[in-house]
Amino acid sequence: MLDINWIKANPEAFDRALSGRKSVPFRSAELIALDDQRRMVIASVEEAQAKRNTLSKQIGQAKAQKDEAKAQALLEEVAHLKDVVQNGEAARKDAEDKLRNALSIIPNLPLEDVPVGDDESDNVEYFGPNGSPETAAKSRPAKPTFSFAPREHFETGEALGMMDFEVAAKLSGSRFVVLKSQLARLERAIGQFMLDLHVDEHGYTEVLPPLLVRDDALYGTNQLPKFEEDLFFVPHGDGRLALIPTAEVPLTNMVRESILSAEQLPMRLTALTPCFRSEAGSAGRDTRGMLRQHQFNKVEMVAITAPEKSGDEHEKMVSDAEDVLKRLGIHYRVMTLSTGDMGFGAQKTYDLEAWLPGQDTYREISSVSVCGDFQARRMDARFRDTDGKVRHVHTLNGSGVAVGRALIAVMENYQQEDGSVAIPDVLQPYMKGLKTIGARS
RNA sequence: GGAGAGGUGGCAGAGUGGUCGAAUGCACCGCACUCGAAAUGCGGCGUGGGGGCAACUCCACCGGGGGUUCGAAUCCCUCCCUCUCCGCCA
């Protein structure tokens, strides 16, 4: 959620910043009009309240002095104000709701250095701070070469008898998968490896959060009110709870409605959780294999920082995610998303795209975003800075990385001609030393 | 699931219809005393919003929402949460 006062002070900057965004429902002038209306209503209702308070106080004093006649006279004078105040309060709530509802569907403002564009074709490859194609190539795993035609992950998985979409469909329908045997273990190994890496070496605190959350939490991280159709809900009492679409929701909302001390920042959190997405609107996209599922595992990183630190933290978080792919030995590239391809709440986003030789293309395996105070304002998450001033925190989130997609990447990059899959060195300790899946031993 | 108790400022804890935004204690921040510190004394010490250049002033907030009333922390309804006991359960 953006700050109406800022919009008011910078209407041209607001309109210009959002010109590259898709589907911006309001321009600054409309929002300012809603705010003016709100202030007008507030001024009039508060005037009535002040008058009522004064007279009521006098009634109290009159009664204390046993001056019933005076009290009665005052009572008659104030009687009509009751309706005025009640109507005014209703009007005030209405005006405030209108403004908040409008603001809550305005996307975040892209940072200055975000490339302006319509969609993913305008994304720009990123080589790191002060980086170049040469330095990136040197520090990242090289693209693998094959002496045979590389297969897609589901071909390998099904041939091994360890990846079963048909059984999953019997249980749950399309967009689910059953993994078995060593492939199930490999998925588990990848998750453990990544979580350990972030906790032991990157400074994150491990969290095991609830997988079901309230609407309030979803509102805080922007899933509501605009993206309700992407979520799964379960009935609960008279209401409902949502299955988390990403651990970003519980992790980020841990600081909601609180005032942190400066020493608590930066707060770095990580979790390995299942994620649930209805993938409404994705019908027909990536229907083969386990690239796009209703349920998948993901290691999520979240950081809560002071406003001055969020830019640096963003770079750190990307490099933390990159470290996963480097250690797994998976070739990848980093893209800075263009204004047209960025998510609703992001100021700036880097995507990590892993090389999938079976598909002969790069696919998103991680997305790392800095949100500024956009979510903090929705959650009312603040901190007391060193001057004692209370300000909104900045929030960041990134996948570090998607486990299911990392499994795909390993299967495609480490596949061998005989249909077996070599296990990256760093995962072998998590596989009881196993070096290859599907090999005759 | 059943029965009961309770949610008040950073914490503890008063307050059951009328100068209560809220006593008191602790914590914290200034100042005084001190060579310094402790102790002591004095003062300050919540959040959000409206108006104002400002000094300042007004409104709202005692778990959330709604209601009764001229007036609600206080009464009523409802939801959420915490605790105790019983039952059930991985």
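Letters go in sequence order (proteins before strands), and every chain restarts at 1. A quick note: this is a predicted structure, and the numbers were derived from the prediction, not measured.
The separation of G7(B) from G65(B), taken at their C1' atoms, amounts to 16 Å, rounded to a whole angstrom. Rounded to a whole angstrom, the distance from the C1' atom of G63(B) to that of U47(B) is 15 Å.
In this structure, A5(B) and U82(B) make a Watson-Crick or G-U wobble pair, each of the two defining distances being under 3.5 angstrom. Across every strand in view, C70(B) sits in a pair with G18(B) that passes the Watson-Crick or G-U test at under 3.5 angstrom. Pair assignment for C61(B) gives G46(B), based on Watson-Crick or G-U wobble hydrogen-bonding distances that are each under 3.5 Å. The partner of U34(B), taking Watson-Crick or G-U wobble pairs whose two distances both stay under 3.5 Å, does not exist in any strand shown. Judged by Watson-Crick or G-U wobble contacts below 3.5 Å, the nucleotide C26(B) has G10(B) as its partner.
Residue Asn53(A) has no polar side-chain atom (N or O) positioned under 4.0 Å from OP1 or OP2 of G18(B). For U68(B), the OP1/OP2 oxygens have a side-chain nitrogen or oxygen of Gln86(A) closer than 4.0 Å. Distances shown here put a side-chain N or O of Arg39(A) below 4.0 Å from the OP1 or OP2 atom of G51(B). When the side-chain nitrogen and oxygen atoms of Arg382(A) are compared with OP1 and OP2 of U47(B), none of them lie within a distance under 4.0 Å. Dashed line: the shortest gap from a side-chain N or O of Lys82(A) to OP1 or OP2 of U69(B) is under 4.0 Å. For Arg52(A) and A60(B), the shortest distance from a side-chain N or O to OP1 or OP2 is below 4.0 Å.
Counting to the nearest Å, the C1' atom of G48(B) and the CE atom of Met379(A) are 18 Å from each other. In this structure, CD1 of Ile4(A) is placed 13 Å from P of G49(B), rounded to the nearest angstrom. Note: CD (Gln61(A)) to P (G17(B)) measures 19 Å, nearest angstrom.
Among the atoms of the strands shown, none is found under 4.0 Å from any heavy atom of Lys51(A). Contact annotation for Leu75(A): base contact, defined as any heavy-atom pair under 4.0 Å involving a base atom. Heavy atoms of Ala50(A) sit under 4.0 angstrom from primed sugar atoms or phosphate atoms, though from no base atom.
Residue-to-nucleotide contacts include a donor-acceptor pair under 3.5 Å from the side chain of Glu46(A) to the base of G49(B).
Arg21(A) places a side-chain N or O within 3.5 Å of a backbone atom of Asn108(A) that can act as its donor or acceptor partner. Counting only distance, with no hydrogens or angles, the side chain of Arg277(A) and the backbone of Pro245(A) share a donor-acceptor pair below 3.5 Å. Using modelled atom types, no side-chain atom of Asn253(A) and backbone atom of Arg256(A) make a donor-acceptor pair closer than 3.5 Å.
Between His202(A) and Tyr204(A), the angle of the ring planes goes over 60°, which puts this pair in the perpendicular group of the 30/60° scheme.
Side-chain N/O atoms of Glu89(A) and Gln49(A) include a donor and acceptor closer than 3.5 Å.
Relative to the side chain of Val390(A), the nucleotides C81(B), U47(B), G18(B) differ in distance, and U47(B) lies closest.
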